[in-house]
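Everything on this sheet refers to the single structure shown next.
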Number of protein chains: 2
Amino acid sequence: MRMTPITLKKNQYALRAVFELAKRRGKGPTKISDIADAQSIPVRFLEVILNKLKGSGMIDAKRGFYGGYYLTRAPKQIRVADIMNFMQAPPKQEMCAACLAKSKCPYGHRCAFSAMWNRVNRAVLQVYNETTIQDLLDNDRQLQGKHRSPRKRHFKTQQGRSL
Amino acid sequence: MRMTPITLKKNQYALRAVFELAKRRGKGPTKISDIADAQSIPVRFLEVILNKLKGSGMIDAKRGFYGGYYLTRAPKQIRVADIMNFMQAPPKQEMCAACLAKSKCPYGHRCAFSAMWNRVNRAVLQVYNETTIQDLLDNDRQLQGKHRSPRKRHFKTQQGRSL
DNA sequence: AGTTTGCTGACCCTTTTAGTCAAGAAGTCG
DNA sequence: CGACTTCTTGACTAAAAGGGTCAGCAAACT
């Protein structure tokens, strides 16, 4: 059962790039090409994306020999929503906030569907809002089996609250 | 704050068309052109959509003079999810079920993001699943101010459970 | 100076989505 | 039957969005 593309590739790339920067936090700036390699993203495309993302203030760049990109905030302070919202193209013309139609629909907010679209909207945003980059890092560590400490862990599966 | 297109136009049209048929249920078949007029959908395009939708079994058509489309089930028995799922093109190649990437991603289900994508997925599907065409009809009646009975109604706002 | 790395806008190509058309099949009416 | 209406269907075209590339420039380091 397939879903309509909730995620543009551009957005996915942006998210993965930030994720990668988070992984390497504290080790100085990371070159675009390194991020691209690590996350299998076309370099040229990533240039564009990272450059745009810089405008959000959550990452910054340094040029020259030891240059590269780096996070400006702790991974815990960056929510997936921050990235997703920022990456969205600024709405060109007025659009229908309720039903997500590209142009303002004739029915306005009085259409029978708006309540449902709003619920969908909220549901998605909620997930984005409550997920931080730190959460993703934690997830990653767990999946890679790189436990910080071999301390006993009662199973926390995906179902149970791992994210 | 804009969302990525959760809804294709084709899907929206399909939903609106079914909705319109539901509205006219019991009054005999409805012509494509009437549906198109009522819902502001390009006729030619709607032809294609309705024809496809017929394959789902939730609507059927009759040709000739008094012909048109009609629902085969009660609006209460049709969930938005039924329409959305059916309208999705069958996944061409294997795709990554977890992260919704078009092609199967190299990380498989072990990527740090899959848990999040799944949550998004489930959240959206849940809304689609718990919304029936009947719900939309009810919504519509309420918005149009066409209360069946002027009986007193304690406020049920969007928040409260109107959908 | 020369190298490394990011910056930036313009450009292009492919896929998807949206929409159109025309000829045909199946009913209805008289 | 013949005229008319309405769905049927596959092929076709147009437009937009998305994904990706490039070249030349601007900093920063050695």
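All heavy atoms count here, side chains included; hydrogens, waters and symmetry mates do not. Chain A is the first sequence line, chain B the second, and so forth, proteins listed ahead of strands; every chain is numbered from 1.
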### Task
Supply the atom-to-atom distance B:Met84 CE to B:Leu8 CG, rounded to the nearest 0.5 angstrom.
9.0 Å

### Task
Examine the side chains of A:Asp138 and A:Gln142 and answer whether a donor and an acceptor come within less than 3.5 Å of each other.
no

### Query
Side chain of A:Lys62: nearest nucleotide among D:dG20, C:dT4, D:dA28?
D:dA28

### Summary
The nucleotide from D:dT21, D:dC7, C:dT5 with an atom nearest the side chain of B:Lys31 is D:dC7

### Query
Does the side chain of A:Tyr69 get closer than 4.0 angstrom to OP1 or OP2 of C:dT5 through an N or O atom?
no

### Query
Between C:dA18, D:dC29, D:dT21, which nucleotide gets closest to the side-chain atoms of A:Pro42?
D:dT21

### Message
Rounded to whole Å, how long is the line connecting atom CG of B:Asp60 with atom P of C:dA26?
### Response
14 Å

### Query
Taking all atoms of both residues into account, what is the closest heavy-atom pair of B:Phe19 and B:Ile133, and its distance?
CA-CG2, 4.3 Å

### Task
Let me know the distance between NZ of B:Lys52 and C1' of D:dC7, rounded to the nearest Å.
18 Å

### Task
State which residue, out of B:Ile78, B:Thr72, B:Ile59, fulfils the side chain to side chain contact (heavy atoms under 4.5 Å, CB included) condition with B:Leu21.
B:Ile59

## Note on the structure
Of all heavy-atom pairs linking A:Tyr69 and A:Lys54, the shortest is CE2-CD, 4.2 Å

### Message
Within the 4.0 Å heavy-atom criterion, would you say B:Phe45 contacts the bases, only the backbone, or no part of the nucleic acid?
### Response
base

#### Entry: Spacing of A:Leu8 atom CG relative to C:dT15 atom P, expressed in whole Å
17 Å

### Query
Think B:Lys10 has a side-chain N or O under 4.0 angstrom from the OP1 or OP2 of C:dT16?
no

#### Entry: Distance in angstrom units between A:Ile32 CD1 and C:dC7 P, rounded
7 Å

### Query
Any idea which of C:dC7, C:dG9, C:dA25 is nearest the B:Arg63 side chain?
C:dA25

### Message
What's the closest nucleotide to the side chain of A:Ala61 if the choices are D:dG18, D:dG20, C:dC7?
### Response
C:dC7

### Summary
Contacts of A:Glu47 and B:Ser33 projected onto DNA chain D by closest heavy atom; the upstream (5') one is B:Ser33

### Query
Base, sugar-phosphate, or nothing for A:Leu50, non-hydrogen atoms under 4.0 angstrom?
nothing

## Note on the structure
From CD1 of B:Ile41 across to C1' of C:dT17 the rounded distance in Å is 16 Å

### Task
Looking only at side-chain atoms of B:Val48, point me to the closest of C:dG19, C:dT20, D:dT21.
C:dT20

### Task
Return no unless some side-chain N or O of B:Tyr13 is found under 4.0 Å from OP1 or OP2 of C:dA18.
no

## Note on the structure
Here the distance between atom C1' of C:dT16 and atom NZ of A:Lys9, to the nearest Å, is 13 Å

### Query
When you check the phosphate oxygens OP1 and OP2 of D:dT8, does a side-chain N or O of B:Lys54 lie under 4.0 Å from one of them?
yes

### Query
Any side-chain heavy atom of A:Asp140 sitting closer than 4.5 Å to one from A:Lys23?
yes

### Nearest-nucleotide 5' precedence on DNA chain C, A:Phe65 against B:Gly64
A:Phe65

### Query
How close or far is atom C1' of C:dA18 from atom CG of B:Asn11, stated in whole angstroms?
13 Å

## Note on the structure
In whole angstroms, the gap separating P of D:dT9 from CG of B:Leu46 amounts to 15 Å

